[in-house]
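Some notes on the structure that comes next.
Sequence lines set the chain letters: A, B, ... in the order given, protein chains first and strands last, and positions in each chain run from 1. Below, all heavy atoms of this structure are taken into account, side chains as well, without hydrogens, waters or symmetry copies.
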2 protein chains.
Amino acid sequence: MTEDPRPAGSPTLEDVARAAGVSRATVSRVVNGVRNVDPVIQESVRKAVAATGYTPNRAARSLVTRRTDAIALVVSGAGADPTAEGETGGGHRAGSAGAAHEPEEPDGGAGSSFTAQVFADPFFGRVVTGVVNYLRPRGMYPVLMFAETSRARDEVVAYLRQGSADGALVVSTHADDPLPALITDAGLPAVLYARPSRPTRISYVDLAHQDGARLAAEHLLARGCRRIATITGPLDVPAGQDRLAGFRDTMARAGQPYLPLAEGRFTQESGETAMARLLAEHPDLDGVFAANDLMAVGACHVLREHGRRVPEDVAVVGFDDSSAAVACRPPLTTVRQPVEEMAAEMARLLLDRLAGSDRAVTSVIFEPSLVVRGSA
Amino acid sequence: MTEDPRPAGSPTLEDVARAAGVSRATVSRVVNGVRNVDPVIQESVRKAVAATGYTPNRAARSLVTRRTDAIALVVSGAGADPTAEGETGGGHRAGSAGAAHEPEEPDGGAGSSFTAQVFADPFFGRVVTGVVNYLRPRGMYPVLMFAETSRARDEVVAYLRQGSADGALVVSTHADDPLPALITDAGLPAVLYARPSRPTRISYVDLAHQDGARLAAEHLLARGCRRIATITGPLDVPAGQDRLAGFRDTMARAGQPYLPLAEGRFTQESGETAMARLLAEHPDLDGVFAANDLMAVGACHVLREHGRRVPEDVAVVGFDDSSAAVACRPPLTTVRQPVEEMAAEMARLLLDRLAGSDRAVTSVIFEPSLVVRGSA
DNA sequence: TTGAAAGCGCTAACAT
DNA sequence: ATGTTAGCGCTTTCAA
């Protein structure tokens with residue numbers, strides 16, 4: 001009985017060290033790629049690692065390094081439907097028939113309207129894609145969280161404070177979302193998708209929405225449309241406001257100061273309702289700009305039901321260039337928002353910040369582009 | 001200089017203990033809700049916790065409990081497009097023009113076709129929703145991972161072995177996915193969405209696909225359709241096979257042994273292609289069963305383009321009851337797959353297993369139901 | 001270049 | 001019912 005032959009759980013540094021005949025410290029150095037280790041020893045350690053099937057224990061490592069290599073991806077306020085907000089007073093809600101919303105949901109099920117709605121918009125899938133694509137090569141993975149109630153927000157902050165993740169990527173399309181402030185007040189690193197409505201000392205990526213709307217307006221105008229209307233996004237959201245402002249501005253400059261509009265909520269259904277109203281009030285319109293693709297799709301449906309051909313009778317331009325744009329018949333001419341690239345940049349900003357190389361607050365604004373397809 | 005006045009980082013158990021005038025152990029008990037603590041002391045500890053702003057450190061806790069309270073949600077093989085598979089030989093790939101796929105992608109961007117495709121199908125959003133809804137009330141959050149290459153699979157296994165997550169929820173729609181076996185071989189807890197194609201000692205949830213297809217067939221038949229065709233899913237995937245088998249079987253029993261079919265890949269585009277072919281070969285068909293909603297939507301588009309009215313000339317039934325079904329014009333009659341409920345059940349099975357109460361391999365099969373809307 | 005040793009913050013025996 | 005103590009597995013000074 002010289003030494004215990006079989007370690008209990010999975011192999012530890014200690015086991016590898018013993019197998020390689022070196023100290024724990026040396027194994028640690030090799031595993032972490034620290035220089036100043038004799039190549040010969042390096043090799044034997046590597047062999048021992050392979051032989052023992054060693055995997056570093058994350059908790060132990062985190063405990064000392066104070067890093068988890070995990071980051072939280074928080075969806076805070078639905079892009080598709082900002083009505084899923086609980087108690088936190090604040091933003092005016094543009095008239096909309098949001099489903100009743102109770103924070104406490106029974107298990108599983110189609111329960112929470114918020115989480116369900118979130119992925120109904122192709123937008124979030126694209127954000128996830130961009131984030132994952134950036135993180136994955138770096139051995140990191142996002143923890144998915146939702147923060148639509150104040151309770152959920154507290155949980156997100158607690159989660160970060162516990163050191164369960166090193167920082168947060170926050171997609172917050174709701175106007176008066178208190179989460180960004182909560183996070184920064186707690187001194188936690190975070191980066192936002194979209195400019196915060198209240199100025200906050202926090203980095204973010206965003207799109208030049210106004211430029212995008214201008215592109216749409218110019219295209220419709222160049223096409224010869226003269227009776228143009230717009231379906232706006234929710235006007236309590238910066239993206240909704242900016243897209244309208246940019247569109248209206250360009251139209252005004254082009255000599256059409258009066259712009260019929262109907263407010264939507266970035267959902268297909270709201271686009272249908274808005275289009276129906278617009279059509280009832282302005283049966284002669286020949287062009288529509290919808291502030292996102294989902295609403296544009298809804299508009300196309302309604303137009304066809306009312307006997308209008310797209311684009312012959314009415315030209316339709318969307319916004320986002322989401323999967324809905326190509327799925328539509330005719331495929332949508334739309335303003336491209338490079339969501340995946342923006343999401344990746346958001347991740348990059350956070351990682352830079354975590355690496356300490358960049359403590360400054362930065363914002364990166366992306367330029368939209370027009371994608372011409374069949375609808376206009 | 002009686003005692004150091006200001007602890008360095010965030011407060012620890014020690015700090016709280018000092019503030020409350022008790023030992024670390026007692027604070028730990030209060031924090032973890034262990035009974036046998038004097039209510040009076042409990043109260044003073046709680047006060048001290050609040051006063052210090054204490055948050056338990058997850059890494060330290062994990063190190064001793066050997067649990068992380070994190071679970072991995074792994075997407076392994078795209079439901080929408082199983083072609084995004086790298087090197088792992090095995091499954092026959094039904095003829096399809098998959099994009100070239102290189103595991104190593106440049107940063108961010110629309111890069112990885114796999115991750116991008118995954119969320120193009122509303123299915124995955126529903127899985128996430130169901131999982132999150134179950135986990136959240138339990139203070140847990142899913143870590144999102146993709147495993148479409150053997151390298152990515154190894155990373156998933158390594159991640160779990162490191163103890164970064166307590167177990168995995170695997171959504172694997174690709175036929176010969178080696179991941180389930182890799183995970184169980186490593187002795188790691190996991191639960192699958194959909195039966196593994198190779199029998200594996202692993203719990204899973206699934207749908208009675210054949211019953212669903214039967215529902216679709218019966219509805220079409222009852223409607224009076226007599227020249228019925230089907231757009232199948234990829235036939236190297238159990239769900240694709242089973243839906244076809246169930247449909248064909250019911251049709252045969254009803255006296256229609258010959259069933260025109262075209263294989264799709266669960267994407268809208270493949271549904272369009274399939275429908276066009278079916279229509280060319282059988283211009284007189286009056287009913288179509290598509291093995292998922294996305295393909296049904298594509299079929300509707302093509303039918304309309306060919307001058308067929310839905311449902312008057314051709315009735316269309318989809319499968320899944322995804323958001324695409326209600327977004328479609330006319331809205332799709334479809335077979336409902338309760339994805340959210342199934343995903344929640346999957347999470348429940350995993351948590352039960354982790355709690356040790358249930359070490360047995362279980363499978364839970366859900367029953368589909370018919371949702372009648374406008375298309376059939 | 002390598003090893004020894006301290007300690008990250010917590011939980012869980014064990015002792016009281 | 002509460003306190004004492006021993007680690008969990010790792011990184012990282014500090015010495016050698």
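- Every residue two or more places apart in sequence or in another chain that forms a side chain to side chain contact (heavy atoms under 4.5 Å, CB included) with A/P142 is listed here: A/L73, A/V131, A/V132, A/L135, B/L144.
- Contact detail for A/A20 and A/A48: the closest heavy-atom pair is CB-CB, 3.7 Å.
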Would you mind building the protein contact string for nucleotides 7-16 of chain D? One character per nucleotide, 5' to 3', B for base within reach (heavy atoms under 4.0 Å), S for sugar-phosphate only, - for untouched.
-BBBBBB---
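- With a cutoff of under 4.0 Å to any heavy atom of chain B, the contacted region of DNA chain C is bounded 5' to 3' by C/dG9 to C/dA13.
- For the residue pair A/L160 and A/G167, the shortest heavy atom distance occurs at CD2-O, 3.7 Å.
- Side-chain atoms of B/R201 and B/T184 include no donor-acceptor pair closer than 3.5 Å.
- Each salt bridge (Lys or Arg N to Asp or Glu O under 4.0 Å) pair with one or both residues in residues 155-168 of chain A, not counting sequence neighbours, appears once here: A/R67-A/D166, A/R151-A/E155.
- End-to-end axis angle for the helix from C/dT1-D/dA16 to C/dT16-D/dA1, using five pairs per end and rounding to 10°, comes out at 30°.
- In terms of the side chain to side chain donor-acceptor pair (under 3.5 Å) criterion, residue partners of A/T26 (sequence neighbours excluded) are, by chain and number, A/S23.
- For the residue pair A/R153 and A/P178, the shortest heavy atom distance occurs at NE-CG, 3.4 Å.
- At least one cation-pi condition fails for B/R136 and B/Y134: the charged atom is not both under 6.0 angstrom from the six-membered ring centre and inside a 45 degree cone around its axis.
- A pairwise comparison of heavy atoms in B/V191 and B/Y204 identifies CG1-CA, 4.1 Å as the closest pair.
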With side chain to side chain donor-acceptor pair (under 3.5 Å) as the criterion, how do A/D177 and A/S76 come out once you've worked through the C-alpha distance, each side chain's angles and the decisive distance to 0.1 Å?
CA-CA 7 Å; A/D177 186 2; A/S76 179; 2.3 Å; yes
